[in-house]
Amino acid sequence: MATMTTERLELVPLDPDRDAESLHAMYGDPDHYSFGPEEPTVDVAATHARLTEELAGNGGWTWVLRLRPDTRALGTIGLFFDQGTSIRGLSWGLRRDHWGRGLMGEAAPVVVDHLLAQPGIDGVEAWIDTRNTRSLGVARRARLDEKARLARVYADHTAQQVVMARAAQPSDGTVLATRPSLPVRDVPETCRLLIKVLGLNLSFEYGDPPTFARLGVGPWSGSPGIDVRDADDGEIASVTVTVDIGIPTDVMHDRAVAAGLKILSSPVDQPWHTREFVFCLGEGHRVRVIGPTRPQG
Ligand SMILES: CC(C)(COP(=O)(O)OP(=O)(O)OC[C@H]1O[C@@H](n2cnc3c(N)ncnc32)[C@H](O)[C@@H]1OP(=O)(O)O)[C@@H](O)C(=O)NCCC(=O)NCCS
């Protein structure tokens with residue numbers, strides 16, 4: 001593990017014995033966890049234990065930030081637990097009395113460049129709550145871009161996280177998006193229902209009346225989504241489409257009920273931490289909706 005320097009900072013490998021006391025100002029601060037699942041540590045010993053566990057889990061890849069010439073640790077930046085993948089999770093945090101001075105924005109680009117030069121690391125990603133604008137700013141400074149969204153369940157509400165990521169060797173992927181293709185008897189009506197319930201966007205439609213329509217999960221060009229097309233006169237083979245959502249599953253379920261759709265399976269918690277239900281379109285197509293579990297609060 002290398003020690004690195006930036007204009008104002010020294011980035012030194014974390015040592016819990018040396019750094020726990022100073023970092024307890026961060027790990028014990030409830031405001032540090034506004035956008036995270038963990039609880040504040042109760043004392044320096046608990047902070048020491050958490051730091052030791054982190055180092056054991058991530059193979060030692062955590063640095064502390066020091067504002068030269070001061071040798072106190074003001075924050076940390078490093079990898080998450082090693083999950084055996086070449087895309088590694090990244091996290092950062094700073095004592096609140098040093099927020100807003102551009103310190104993490106200065107540290108992150110140097111650390112990310114260093115990590116992406118390591119053998120076995122093909123990319124780094126940070127999961128950042130959409131409301132954590134400071135942290136999103138840090139990610140952008142380190143040239144991480146938005147790649148995806150994930151639902152996030154807090155004790156009392158549901159939110160979303162942006163997956164901000166950067167590859168060691170940027171490359172053009174082969175598949176740009178997947179789009180199930182639904183044969184239906186009434187293209188405009190099916191589109192109306194899917195837009196109303198799932199909040200999809202009409203990318204374009206063809207024909208008057210439309211015989212083909214493309215619905216996107218977002219309003220942007222190239223967005224993944226669902227194609228809806230006129231069925232030939234014959235029998236329609238039903239398909240199942242799985243939809244990942246970022247709002248509470250029960251809210252989506254209520255929308256489907258209000259739209260008069262047939263519910264094939266009511267919302268149920270799955271052991272893999274999702275909550276799912278299934279509704280049915282007129283032609284027999286099934287839409288399996290997979291969303292976040294309910295807040296526990
Ligand atoms: C996220 C965190 C590390 C940011 O550290 P920081 O040193 O304060 O960040 P910076 O000063 O480099 O600023 C980062 C961005 O926030 C912006 N920012 C600064 N002050 C701000 C303020 N008062 N309000 C909103 N944004 C602000 C900066 O302009 C910068 O964005 P830019 O690069 O687009 O200009 C720090 O706020 C923190 O520890 N938060 C709690 C833990 C946490 O949320 N960790 C990340 C989990 S994903």
Side-chain angles (χ1 to χ4, degrees), residues 4-12 14 16 19-42 46-47 50-51 53-55 57-58 61-68 70 72-81 83 87-116 123-166 246 292:
M4 296 178 284
T5 52
T6 66
E7 196 186 330
R8 291 173 291 174
L9 297 167
E10 194 171 19
L11 304 170
V12 183
L14 168 68
D19 300 320
E21 189 156 354
S22 178
L23 290 176
H24 184 62
M26 177 175 98
Y27 281 87
D29 176 3
D31 282 351
H32 180 69
Y33 303 92
S34 306
F35 303 112
E38 289 177 308
E39 294 290 321
T41 49
V42 291
T47 294
R50 190 173 286 181
L51 293 171
E53 190 188 357
E54 179 179 319
L55 278 189
N58 74 1
W61 290 100
T62 303
W63 287 265
V64 296
L65 283 71
R66 294 169 166 184
L67 188 55
R68 296 198 308 271
D70 197 343
R72 281 173 311 152
L74 302 182
T76 61
I77 177 166
L79 294 177
F80 269 118
F81 277 39
Q83 295 174 323
I87 302 294
R88 299 293 302 267
L90 193 58
S91 74
W92 42 65
L94 199 62
R95 283 171 47 151
R96 193 151 41 96
D97 53 356
H98 286 76
W99 286 7
R101 300 171 62 188
L103 294 179
M104 197 55 81
E106 190 173 311
V110 173
V111 170
V112 167
D113 284 351
H114 182 76
L115 289 170
L116 291 178
V124 292
E125 64 178 44
W127 297 3
I128 306 177
D129 190 297
T130 51
R131 300 163 297 177
N132 195 352
T133 48
R134 286 174 191 270
S135 192
L136 287 168
V138 169
R140 289 194 193 97
R141 285 275 163 96
R143 295 194 285 126
L144 273 59
D145 295 317
E146 176 168 350
K147 303 289 187 211
R149 293 273 174 128
L150 299 170
R152 175 55 156 299
V153 181
Y154 290 88
D156 58 353
H157 69 287
T158 302
Q160 290 184 21
Q161 295 172 297
V162 189
V163 178
M164 297 291 285
R166 196 176 127 196

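Just so you know, ligand 1 is whichever comes first in the structure, and atom 1 is the first atom listed for that ligand.
Considering only non-hydrogen protein atoms, atom 45 (N) of ligand 1 sits nearest to W92 O, 2.8 Å. What sits closest to atom 5 (O) of ligand 1 on the protein, heavy atoms only, is M104 CB, 3.4 Å. For atom 48 (S) of ligand 1, the closest non-hydrogen atom of the protein is S135 OG, 3.4 Å. Regarding atom 8 (O) of ligand 1, its nearest protein heavy-atom neighbour is G100 N, 2.7 Å. In this structure, atom 34 (O) of ligand 1 lies nearest to the protein heavy atom G137 CA, 4.0 Å. Annotation: atom 23 (N) of ligand 1 to nearest protein heavy atom, R134 NH2, 3.1 Å. Atom 39 (O) of ligand 1 has L94 N, 2.8 Å as its closest protein atom, hydrogens excluded (heavy atom only). The single protein non-hydrogen atom nearest to atom 38 (C) of ligand 1 is W99 NE1, 3.3 Å, given as residue, atom name and distance.
Remark: atom 10 (P) of ligand 1 lies closer than 4.0 Å to at least one protein heavy atom. Counting protein heavy atoms under 4.0 angstrom from atom 15 (C) of ligand 1 gives one or more. Atom 2 (C) of ligand 1 is not flagged as protein-proximal [any protein heavy atom, distance under 4.0 Å].
Listed by atom number, the atoms of ligand 1 under 4.0 Å from H32 heavy atoms are 41 (C), 42 (C). Close approach of ligand 1 to G102 is summarised as follows: ligand atoms under 4.0 Å from at least one heavy atom of the residue are 10 (P), 11 (O), 12 (O). The ligand atoms of ligand 1 that sit less than 4.0 angstrom from a heavy atom of G105 are 12 (O). In summary, the atoms of ligand 1 found under 4.0 Å from a heavy atom of W127, numbered by their order in the structure, are 48 (S). Near V138, with a cut-off below 4.0 Å to any heavy atom, the atoms of ligand 1 are 4 (C), 9 (O), 14 (C). Remark: ligand 1 atoms within the under-4.0 Å shell around heavy atoms of R141 are 32 (P), 33 (O), 35 (O).
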Checklist entry - When you look at L51 and L14, which way does the side chain to side chain contact (heavy atoms under 4.5 Å, CB included) test go after all the steps? => result CA-CA 8 Å; L51 293 171; L14 168 68; 3.9 Å; yes
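Taking the six-membered ring for Trp and thresholds of 30 and 60 degrees, W63 and H114 have ring planes more than 60 degrees apart, a perpendicular arrangement.
If you look at F35 next to ligand 1, there are no close heavy atoms at all, none under 4.0 Å. Proximity of R101 to ligand 1, defined as any heavy-atom pair under 4.0 Å, is confined to the backbone N, CA, C and O atoms. Of the heavy atoms in N132, only side-chain atoms (C-beta onward) come closer than 4.0 Å to ligand 1.
Salt-bridge annotation for K147 and E125: absent, with no side-chain N of the basic residue lying under 4.0 Å from a carboxylate O of the acidic one.
No side-chain donor-acceptor contact under 3.5 Å links Y27 to the backbone of A20. With W127 contributing its side chain and V162 its backbone, the two residues share no donor-acceptor pair below 3.5 Å. Remark: the backbone N or O of F35 is not paired with any side-chain donor or acceptor of D129 at under 3.5 angstrom. Panel note: side chain R68, backbone L9; a donor-acceptor pair is recorded below 3.5 Å. Not one N or O on the side chain of R88 forms a donor-acceptor pair closer than 3.5 Å with the backbone of G123.
For the ligand labelled ligand 1, residue S91 lies outside the 4.0 Å heavy-atom shell.
Between H32 and W99, the distance separating the two ring centers is not shorter than 6.0 angstrom. Within the 6.0 Å centre-distance limit, the rings of Y154 and H157 are counted as a close aromatic pair.
Annotation: side-chain hydrogen bond (donor to acceptor under 3.5 Å, both in side chains) contacts of S135 (sequence neighbours excluded): W92. Applying the salt bridge (Lys or Arg N to Asp or Glu O under 4.0 Å) test to R96 and every residue at least two apart in sequence or in another chain returns D29, D31.
Residues A73 and D19 come closest through the heavy atom pair CB-OD1, 3.8 Å.
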